[in-house]
Amino acid sequence: MSDTPKIEVSRRGFLKGAGLTAATTVIESASALARDAKEAMQPDRSVGPDAVPVKLHVNGQEHTVTIEPRYTLAETLRDHLGLTGTKVVCDRGSCSACTVWLDGTPALACMTLGIDAVGRKITTIEGLTQGAEMHPVQVAFVKHDAMQCGFCTPGMVMTCAALLERNHDPKLADVKHAVSGNLCRCGTYPKVFAATLDVAQQHQRAAYLLTLNPAKEA
Amino acid sequence: MNKFAFVDCTTVDQALAELKDGAVIKAGGIDLLDLMKDGIVTPPKLVNIRNVSSLRGITASKDGLHLGPLATLSELAAHPEIQRDYSALADAAGHAATPQIRNMATLGGNLTQRPRCWYFRSSDFDCKKKGAGSDECHAHEGENQYHAVMNNSTCAMVHPSSTAVPLLAMNAQVEITSKRGKRSVPISEFYVPPEKSLINETVLQTGEIITGIFVPAPESGTRSAYQKYGEKESFDWPLADAGIVLVMEGERCRKAAVVMGVAAPTPIRSQAAEAVLTGATINEATARAAAKAAMQGATPLSQNGFKVQLFQTAIYRTILLAAGQMQRDPSAIG
């Protein structure tokens, strides 16, 4: 429609580019610290208050980040690993926007210290997708228009996906209970419930079809 | 947050050795990080006990319930034997905070969280509880709609622990360990009212760790329930909550425990309410009379008179819930 060439610059991309110089400096000092493995976090050894290299297992990959003990997991994910899908809203555990999975259980990244996540499997919203394929809960959120401003959405999706992991056949009350800590100021709850129950029904239908024709499973 | 050192411990002995020079214990970290982010506490070092495996676990045996202080609220709420035999505890743990917080928050941390009072929780206010030379209680003259309605003349804070309420009704014991050894404190003596100490809310001393919570097995015929009421349907601090334990003999109540959470600066039992129920048949009339007795002597502040009525409702409905005469109240926080 328009002759103006489309310039693909996003606000986040711009900010990331602008921060590159500063980030390089951090990476250099990080590798200097990482060289001294004795400084690294280990049981019964006091570390900090200055930055210390720690290994975090995020979305199936191990990362070494150099963080002060006071950095929260949310800050570590966003500022050190570029995983900005995890949102920080209240930073006090009151809104659940920062919900991630720790060893498969929904937890608050803003009330977890990054250093305390060592040895735990961290799953963020970025880890739910399989390559370019969205998680069924994400697909259902799009289908049911379960978001408005979108800020609570990653936390909401993490909570609903975790519910479906442990309960393949949740009822409306289960979904309401699961998201009771995820605050949405836009009031998208009815759509969130519909989306989650839709995924559950798809699971049930698929399971039912398998019982009719188990050979198809292969 | 202030800068701090961090040590990850795997045994109680290691944690005790690290507890010096202002170092504080971190378990689930929920209340501690909240206080640190608001600048209310600025510890130089965190002693992480979250990975001390001996402090985990829930064991229901013949003599009672042995709870590791690192048991999370989610674990307590989901435990089949707690749901069956100690249902008020499952109710309280399952209705605290949010599902995510319940996955992280520990029983020990829930019992030792600092009190709720927005003046105490704001770094903009000094008060007598914070020391620093101030002898004011801003709640007495200021905004006090969520504050204590009983025993509130020194300091009108409330202790918000949900689990402390049923644990007090069930005569739980808190096992405390230090380098000097172990001691066991009945939970009725665990909390310290502001008249005794403005600074310490519990008997825990520096260098001590909670290493276990024991709940004696219920007598036969025991029924219990917990409900809390707030401004929101879910995820809210209680404005009134009640933990009820009834030992029934047929229709008659042989023993009763009536505990209120956020009525006073510490969780309190109401002997007056228990006297009404003991020996009585539980019905609407006796439940109402007990609820009324529990609020005798209340001293509400300028804005929290409504809590006196709300407590009566909470106690009345929770007695009937415990007795199996009423469903869980849909207007309670779920």
Side-chain angles (χ1 to χ4, degrees), chain A residues 41-52 54 67-75 90-120 155 158-159 162-163 166 173-174 176-183 189, chain B residues 1-11 13-15 17-18 21 23 26-38 42-52 72 74-75 77-78 94-105 109 121 232-237 330 333-334:
Chain A
M41 193 38 209
Q42 45 188 289
D44 308 317
R45 189 193 167 91
S46 188
V47 294
D50 293 327
V52 57
V54 295
I67 52 171
E68 291 181 22
R70 64 175 166 166
Y71 285 12
T72 65
L73 177 59
E75 289 166 338
C90 73
D91 200 28
R92 293 293 186 283
S94 298
C95 73
S96 304
C98 65
T99 301
V100 296
W101 297 351
L102 293 179
D103 293 327
T105 304
L108 302 172
C110 81
M111 299 304 272
T112 303
L113 294 173
I115 203 165
D116 197 25
V118 171
R120 297 155 102 178
M158 293 307 285
T159 302
L163 169 70
R166 63 179 189 273
D174 301 318
K176 283 186 173 180
H177 190 251
V179 301
S180 59
N182 290 79
L183 298 194
Y189 291 102
Chain B
M1 270 190 282
N2 61 295
K3 287 183 84 147
F4 55 83
F6 184 91
V7 60
D8 206 20
C9 296
T10 49
T11 68
D13 284 346
Q14 287 155 352
E18 295 287 349
D21 306 327
K26 187 206 79 67
I30 300 287
D31 193 43
L32 180 62
L33 261 59
D34 203 8
L35 291 160
M36 289 173 71
K37 286 180 179 187
D38 287 341
T42 52
K45 185 172 186 172
L46 263 53
V47 178
N48 189 28
I49 60 166
R50 204 182 55 75
N51 297 315
V52 179
T72 64
S74 294
E75 288 165 357
H95 292 92
T98 67
Q100 286 88 337
I101 291 178
R102 294 195 289 269
N103 289 340
M104 303 165 71
R121 294 253 169 190
K232 295 194 291 176
E233 266 183 36
S234 66
F235 182 29
D236 205 354
W237 299 106
I333 300 175

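Naming convention: chains lettered A, B, ... in sequence-line order (proteins, then strands); numbering from 1 in each chain.
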For A:Thr159, which atoms come within 4.5 Å of any heavy atom of chain B: side chain, backbone, both, or neither?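 For A:Thr159, side-chain heavy atoms alone lie under 4.5 Å from chain B.
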Could you tell me which portion of A:Ala178 (side chain, backbone, both or neither) has an atom closer than 4.5 angstrom to a non-hydrogen atom of chain B? backbone
Among the options A:Ala162, A:Gly155, A:Cys110, pick out the one with the most heavy-atom pairs lying under 4.5 Å from chain B. A:Cys110
One option among A:Asp50, A:Asp91, A:Thr99, A:Leu183 has the most heavy-atom pairs under 4.5 Å with chain B, and it is A:Asp91
What I want to check is whether the side chains of B:Glu18 and A:Ser46 have a donor and an acceptor closer together than 3.5 Å.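 The criterion, which ignores hydrogens and geometry beyond distance, is not satisfied for A:Ser46 and B:Glu18.
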Rounded to the nearest 0.5 Å, what separates atom [atom1] in [X] from atom [atom2] in [Y]?
X: A:Arg92; Y: B:Asp38; atom1: CZ; atom2: CG; value: 4.0 Å
X: B:Met36; Y: A:Arg70; atom1: CE; atom2: CZ; value: 9.5 Å
X: B:Thr98; Y: A:His177; atom1: OG1; atom2: NE2; value: 10.0 Å

For residues [X] and [Y], report the shortest heavy-atom separation together with the two atoms involved.
X: B:Pro99; Y: A:Gly181; answer: CD-N, 3.9 Å
X: A:Thr112; Y: B:Leu33; answer: N-CD2, 4.2 Å
X: A:Pro106; Y: B:Asn103; answer: O-ND2, 2.8 Å
X: A:Pro49; Y: B:Lys3; answer: O-CE, 3.5 Å
X: A:Pro69; Y: B:Phe6; answer: CB-CB, 3.8 Å

Which bit of [X] comes within less than 4.5 Å of chain A, counting heavy atoms only: side chain, backbone, both or neither?
X: B:Asn2; value: backbone
X: B:Leu32; value: neither
X: B:Met1; value: both
X: B:Asn48; value: side chain

What do the steps show when you test B:Met104 against A:Thr105 for side-chain contact (heavy atoms from CB on, under 4.5 Å), and what is the final call? CA-CA 9 Å; B:Met104 303 165 71; A:Thr105 304; over 6 Å; no
Looking at A:Ser180 and B:Ser234, would you say the former's side chain and the latter's main chain have a donor-acceptor pair under 3.5 Å? no
Decide yes or no for A:Val118 and B:Asp8: does some side-chain heavy atom of the first lie under 4.5 Å from some side-chain heavy atom of the second?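 A:Val118 vs B:Asp8: side chains apart.
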side-chain contact (heavy atoms from CB on, under 4.5 Å) evaluation trace for A:Thr72 with B:Lys37: CA-CA 11 Å; A:Thr72 65; B:Lys37 286 180 179 187; 4.0 Å; yes
